[in-house]
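Shown next, in structure tokens, is the structure this report addresses.
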Amino acid sequence: MDSTGTESSTGTGEEKDKAAVGLTKATTARTPAPTPAEAPDIQSHDTFVIKKALSLTAGEYVVSVARPDGSEGVPVAYAREKRLSLRGQVTVYTDASRKSVLAAFKGRDHEVGYMYDVRDASGQSFGSFYEDAGASFLRRTWQVRQPGTMKLTGRERSRAVAFVRFVWEFVPYLEYVPFIWPYRFKYTESGKPLMTVTKKLGLPTRYVLEILAPDIDRRLAIAHTLALDALEVD
């Protein structure tokens, strides 16, 4: 109450502080933080960027949705390669905490050499891939299988780059040095292009995965792209 008998509209400093705190709480309540359920659905995207970070104990990868300019957008998966594994073993996680498994693969003996089954968190297989040893003599070739859907054949596009990569692996110690020159795999079914994987020039190692068919399981495509790098020196 002021000297004129009217009530003051300014209030004390303490009252102002309480009011500000109340307003902040109310604003926060109206704008909740994103939840894991709001993370992008990878099946709804067609292009991904896979970037590798080297470490002494494991190969670490981050999978992001590609922006229109080809740069890395929102991360949607994280992967770790188990080093010193003779058959190759990679686990893909849904986030950086590595608590939830999106997919995983590990090689097993097969008549074609090593077959890699891609499994979900429950251990259920939803696809596989293997290197076609005969066709890989001149250009590295892979067979990717998605049961009940499609059979893809992926082959390096450039014979010249394929030859350089082949020689690179037989030079002592050079096989453990990242191959920085770009190369590209094209995946087809009955001659129809359905997927491409392009390794970009330079370091750090980066791949761009582009999927041209909506029914290709993105988990399988991502797992296979990781294998192109993780199995390079196995």
Side-chain angles (χ1 to χ4, degrees), residues 42 48-64 72 75-96 98 101-110 112-121 125-133 136 139-146 152 154-156 161-162 165-166 168-170 173-185 187 195-211 217-234:
I42 62 172
F48 301 87
V49 178
I50 294 93
K51 184 170 71 174
K52 180 180 183 181
L54 291 175
S55 71
L56 294 177
T57 58
E60 303 280 353
Y61 302 86
V62 179
V63 182
S64 305
E72 300 155 43
V76 292
Y78 298 78
R80 168 172 283 189
E81 170 197 2
K82 185 176 180 181
R83 286 290 177 86
L84 305 180
S85 172
L86 295 179
R87 300 185 181 185
Q89 184 173 350
V90 173
T91 303
V92 188
Y93 302 90
T94 58
D95 56 49
R98 297 196 297 269
V101 174
L102 179 70
F105 67 81
K106 180 180 180 180
R108 60 178 171 85
D109 291 327
H110 193 267
V112 298
Y114 282 142
M115 173 73 73
Y116 297 88
D117 297 303
V118 186
R119 303 180 184 276
D120 59 21
S125 175
F126 58 85
S128 62
F129 54 84
Y130 64 90
E131 185 172 5
D132 189 332
S136 289
R139 284 187 293 171
R140 185 155 290 178
T141 302
W142 289 84
Q143 302 294 334
V144 182
R145 302 290 183 258
Q146 184 173 315
L152 301 177
R155 181 176 290 113
E156 282 186 274
V161 176
R165 291 215 302 139
F166 176 79
W168 184 283
E169 294 181 4
F170 287 92
Y173 304 108
L174 195 59
E175 68 210 59
Y176 297 102
V177 178
F179 187 80
I180 64 173
W181 196 258
Y183 55 83
R184 188 181 189 191
F185 279 82
Y187 296 78
M195 188 174 87
T196 62
V197 175
T198 305
K199 182 184 180 298
K200 309 302 286 185
L201 176 66
L203 296 172
T205 302
R206 293 171 65 249
Y207 298 86
V208 175
L209 164 64
E210 185 176 7
I211 301 170
D217 193 318
R218 273 47 175 171
R219 299 172 301 171
L220 175 60
I222 289 171
H224 175 65
T225 303
L226 291 168
L228 292 179
D229 186 272
L231 303 179
E232 194 67 29
V233 296
D234 283 348

Fill in: Approximate separation, where rounding is to 0.5 Å, of Thr196 OG1 and Leu209 CG
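Atom-to-atom, Thr196:OG1 and Leu209:CG are 7.0 Å apart.
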Worksheet entry | Gap separating the CZ atom of Arg98 from the CD atom of Glu60, nearest 0.5 angstrom |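 Reported value, rounded in 0.5 Å steps: 5.5 Å.
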Do [X] and [Y] have side-chain heavy atoms sitting under 4.5 Å apart?
X	Y	result
Tyr116	Leu231	yes
Leu102	Ile42	yes
Leu228	Trp142	yes
Tyr114	Asp109	yes
Phe185	Thr225	no

Item to complete: Show your working on side chain to side chain contact (heavy atoms under 4.5 Å, CB included) between Arg184 and Thr198 and close with a plain yes or no.
Response: CA-CA 4 Å; Arg184 188 181 189 191; Thr198 305; 3.4 Å; yes
Practice prompt. Name all residues meeting the ring-ring contact (aromatic ring centres under 6.0 Å, His included) criterion together with Tyr187; count only those two or more places apart in sequence or in a different chain, and write none if there are none.
Written response: His224
Determine the minimum heavy-atom distance between [X] and [Y], stating which atoms define it.
X	Y	value
Phe105	Ala227	CZ-CB, 3.7 Å
Met195	Ala221	SD-CB, 3.7 Å
Gln146	Asp217	OE1-N, 2.9 Å

The criterion is side chain to side chain contact (heavy atoms under 4.5 Å, CB included); which residues satisfy it with [X], sequence neighbours excluded?
X	answer
Arg145	Ser128, Tyr130, Gln143, Lys151
Glu72	Val49, Lys51, Ser64, Arg206
Ala79	Tyr61, Val90, Val92, Leu226
Arg119	Asp117, Ser125

Worksheet item: Would Arg219 count as a cation-pi partner of Phe126, with NZ or CZ less than 6.0 Å from the six-membered ring centre and within 45° of the ring normal?
Response: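 Verdict for Phe126: a cation-pi partner in Arg219.
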Item to complete: Would you confirm whether Thr141, through its side chain, and Arg139, through its main-chain N or O, come within 3.5 Å as a donor-acceptor pair?
Response: yes
Worksheet item: Is the backbone of Lys106 close enough, under 3.5 Å, to the side chain of Gln89 for a donor and an acceptor to pair up by distance?
Response: no
